[in-house]
Amino acid sequence: MLDRMVPKADLNRFIDRLASEQTVAAPVAEGPSIRFQAIRAAHEIAEHYLPTALPPSKYLLPVKETLLQFRLGEHIEMEPVLEAPEVIVFGIRPCDLHALALLDAIFIDDKHDGHYAARRRRITLVGMECLEPCDDRCFCHSMETLEVHANYDLLLTDLGDDVYVAVGSPKGRDLFAGLTGAREALYEDRTRLRRAHEARDAAFTPRLDVSFDQLPGLLAESADSLLWDVLGEKCLSCGACTNVCPTCYCFDVGDELDLDLATGRRYRTWDSCQLDAFAMVGTGESFRKPRAMRVKHRLNRKGRYIMERYGRQGCVGCGRCARACLVDINPIEVFNQLKGQPASRTVR
Amino acid sequence: MDGPLRPTKRPRLALFELASCAGCQLQILNCEDELVDLLQLVEFVYFKEAISETGNEYDIALIEGAVTREADETRLRAIRERAPLVITLGACAHPVGIPGLKNAHDSEEPGRLVYGDAAGYFPSTLARPVDAIIPVDAHIPGCPIHKDEFLSVVTALLVGRRPPIPGYPVCVECRLAENPCAFDRGALCLGPVTRAGCGALCPSYGSRCYGCRGPADDPNVSSFEALLEKNGLNAEDVLAEYVLYNGYRALGDQALTMEVSR
C-alpha cells in the first residue's frame, strides 16, 4: 500500500474531525503523568511524551472486564458479555506496537480469547515513530523494538512541517482516504524519511551489554545468581512494574454477587506475579513466596520465557518498569550485571 | 430474591461502638440505594445511629472504634461470648486509627488536655485495636469503611466465601488509576506498605496515602524505611508517619517497624 505525505496542519484538522465523530484516544499530559485517553481535538495530544503511565494494552485487556453475567437458580443461566467499542488509538510508540503484536500472538493466535479478539477487531492502531530516546531508562534500541514494520494500521513519522504516513493495512488506508491535503509519498519524501531514520539511529545508543537474543541463555545460566537475593531484599512487591508493563497480561478471574444473592458477574482483572497471593493455592501455600523468586520470575518472563515460547521479545525496552520502581530495579542494570558476573553464583 | 444461596433465616447483626467518630456506622447508612435489599438479607438488632430497638441475641457482631477503657474490654469479652462472628469496622478498631494518636503522648496528658481538672473522672488506657482483647474473624479496613466493601463482605459471609479484602499494597491500585507517583513529586506516601482496596482514593485526588487501611499482608518494611530515609526522613520522622493510623503497632513495642498483622 502506498505511503502518504501530509502537512501537519492538515493532519491535525483531520484528527479534529475524527475525534468529533468517533472515539479517538491519544497520549495526553496531565501534570507529570501521560495517559492514553479519549480526546476531542488534536491540540490535546502531548507533543513530546515518555511512554504513557499504562500501556495501550488497556484498550484490549481492560484493567477490569466483565466476562459474563449469571443468574443462579435451579439451572444456572449465563450470558457472555462482550464489550468491544470502536476506538482509534493514536500515537502508539514502536515499543508498544511490538508489545501489542506479542499480545496478539498470545490472545489470538495461541489462545483465541474471544474478548480480546473482539476488542482487537474494533481497534485502529496509529503508531508514532520515535526519533529520539525517551531518557536513560529506555532501551528499545537494544531490544530491537525501535523499528517497527508490522502490526499497525498507520505509522506516522514527524518530519517537521510534514508527517510521513506509512500505511500498514486496508483499515489504515480507508481511514486515511478521508484526509484532504495528503498526497502520495514521492522519492524525495522517502529520502527525507531515510535521513530522519539515519539521525535517529545515531541518537540511540545500545544500553545492553548483550544482544536481546542472548538474554534467554544469559538468564538460564543465571538461575542461581545471588543478584536475585539482593533484588529480593530491595523489592517492595508493590506490583508497579507489572502494571505498567506493555507485555504483562496476567489476570485473575472473580465473581461478584448482587445483594439478591442470585445475579452477578464474572470479571477478570489485571494481576501481578510480584504480589504475595499470585502463586497462592486454595490451601494457602504460595509457590513463589520469597520476593527474590518473584523478581527472578518477572525478569525471566521478560528476557527468556516469552522469547522461548513465542519467539518474540518479552520485554520491548520501554523503560516503564524502571521509571515506576521506587527502589530502582532496572532491567538494563539487572541484565548487564548478570552479564558482568558470569561466576555470580559464587560471588558474595 | 429467590437465589439458592439465600439463607432461610436472616442473620442478626449487632453494631457496637467504642472510641470512634461513628463515621463507619454512617457509611452503612449511606448505602441508601441498597438498604432495602440489605435488610432482606440481614436483620439489625443493635445499631445506635439507626434504630432505637435493642436486642441482645445476634449472629454477627460488628465493632467500630478502639479500646480505650477497661470497661471496653469487659464489654468486648461479653460480645465475643455471644457472637459466632466478630468483625471490626474501620481503622479505629483495627489497626487503631486516630484514637491511637494518644499513645504517642504521656499517658496522663491527653486526659488533662481534654477534661482539665476533671480528667480523674475519665480514666483511660492505651488505645488498642479490638483484636488485642478478643479474637476477630475479619477486619473491614479504612477510615471510614467504604460502603461497597461492607456490602461485599456481608454478601461473601452469607454465601460462605472469604471476605474479598485485598492483601496487596495501595500502589497496585494507584498505578492502575494512572496516578503520578507521590514520590516523583517529592512527597512521601505509605502506599507501598498499606493494604489496598480503597482504589487509591487519596492519591487519586492529589494527596498521598496515610495508611488508614493498615499494613498490607506482606509489606517489605525494611526496604520501605530505607526508601523513606533516602528521601530525607530520619527514624523519628518515619515513626511519625506510622503514628497517624498505625500507632498501636508502631509504638506498642517501641519498635520502629510496623508489625505485620499476621
Side-chain angles (χ1 to χ4, degrees), chain A residues 28 30-37 52-54 58 62-64 70-74 76 231-245 254-264 269-272 274-278 280 286 289 291 294 320 323-329, chain B residues 1-7 31 33-42 148 151-152 154-156 158-159 161 164 166-185 188-189 191-194 196 206 216-224 226-228 230-231:
Chain A
V28 174
E30 211 179 277
S33 158
I34 295 160
R35 311 167 194 169
F36 276 105
Q37 61 185 60
T52 48
L54 287 186
K58 69 178 182 179
V63 167
K64 184 171 183 181
F70 58 80
R71 169 178 284 279
L72 306 175
E74 230 173 287
I76 300 175
L231 297 174
E233 274 173 35
K234 277 169 77 176
C235 177
L236 294 167
S237 307
C238 71
C241 51
T242 55
N243 275 348
V244 300
C245 178
D255 291 336
E256 281 171 349
L257 194 57
D258 294 329
L259 276 176
D260 60 7
L261 302 189
T263 56
T269 51
W270 289 12
D271 203 347
S272 168
Q274 298 309 295
L275 306 180
D276 190 25
F278 183 81
M280 194 182 281
S286 170
K289 182 76 185 162
R291 277 179 232 285
R294 293 184 239 163
R320 282 185 177 91
R323 281 176 215 105
C325 185
L326 287 171
V327 293
D328 301 322
I329 296 176
Chain B
M1 303 305 258
D2 53 352
L5 297 175
R6 206 174 148 67
C31 300
D33 294 337
E34 299 90 359
L35 272 181
V36 172
D37 288 339
L38 179 66
L39 292 174
Q40 308 267 343
L41 293 180
V42 299
D148 292 342
L151 293 171
S152 69
V154 169
T155 315
L158 287 175
V159 300
R161 289 192 156 196
Y168 49 75
V170 171
C171 293
V172 172
E173 294 173 342
C174 203
R175 291 287 171 184
L176 293 179
E178 302 195 67
N179 292 326
C181 181
F183 283 93
D184 285 345
R185 55 182 158 84
L188 53 96
C189 180
V193 291
T194 299
D217 276 348
D218 175 40
N220 189 344
V221 173
S222 58
S223 178
F224 179 66
L227 172 70
L228 293 183
K230 206 180 110 193
N231 279 266

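Hydrogens, waters and symmetry mates are skipped; everything else that's a heavy atom, side chains included, is used. Protein chains get the first letters and strands the later ones, always in sequence-line order, with residue 1 at the start of each.
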Can you say whether [X] sits under 4.5 Å from chain B via the side chain, the backbone, both, or neither, judging by heavy atoms?
{"X": "A/Ala277", "result": "neither"}
{"X": "A/Leu275", "result": "side chain"}
{"X": "A/Lys58", "result": "side chain"}
{"X": "A/Asp328", "result": "side chain"}

Q. Is the closest side-chain heavy-atom distance between B/Phe183 and B/Leu188 below 4.5 Å?
A. yes

Q: Find out whether B/Glu178 and A/Glu30 are in side-chain contact, i.e. whether some heavy atom of one side chain is under 4.5 Å from a heavy atom of the other.
A: no

Q. Of all residues at least two apart in sequence or in a different chain, which pass the side-chain hydrogen bond (donor to acceptor under 3.5 Å, both in side chains) check with A/Thr52?
A. A/Arg320

Flag the one option from [options] with the top tally of heavy-atom pairs under 4.5 Å to chain B.
{"options": "A/Ala240, A/Gly31, A/Gly239", "answer": "A/Ala240"}
{"options": "A/Val327, A/Leu257, A/Leu326", "answer": "A/Leu326"}
{"options": "A/Thr242, A/Ile34, A/Leu236", "answer": "A/Leu236"}

Proximity breakdown for [X] and chain A, heavy-atom pairs closer than 4.5 Å:
{"X": "B/Val172", "answer": "both"}
{"X": "B/Leu227", "answer": "side chain"}
{"X": "B/Arg185", "answer": "neither"}

Q: Return yes if some donor-acceptor pair links the side-chain N/O of B/Arg161 with the main-chain N/O of B/Ala156 below 3.5 Å, else return no.
A: no

Q) Do side-chain atoms of B/Gln40 reach the backbone of A/Asp260 as a donor and acceptor pair under 3.5 angstrom? A) no

Q: Can you sort out the partners of A/Glu233 under side chain to side chain contact (heavy atoms under 4.5 Å, CB included), two or more places apart, ordered by chain and number?
A: none

(Q) Show, in sequence, the C-alpha distance, side-chain angles and deciding distance for A/Ser237 and B/Asn220, and conclude whether the side chain to side chain donor-acceptor pair (under 3.5 Å) test is met. (A) CA-CA 7 Å; A/Ser237 307; B/Asn220 189 344; 5.9 Å; no

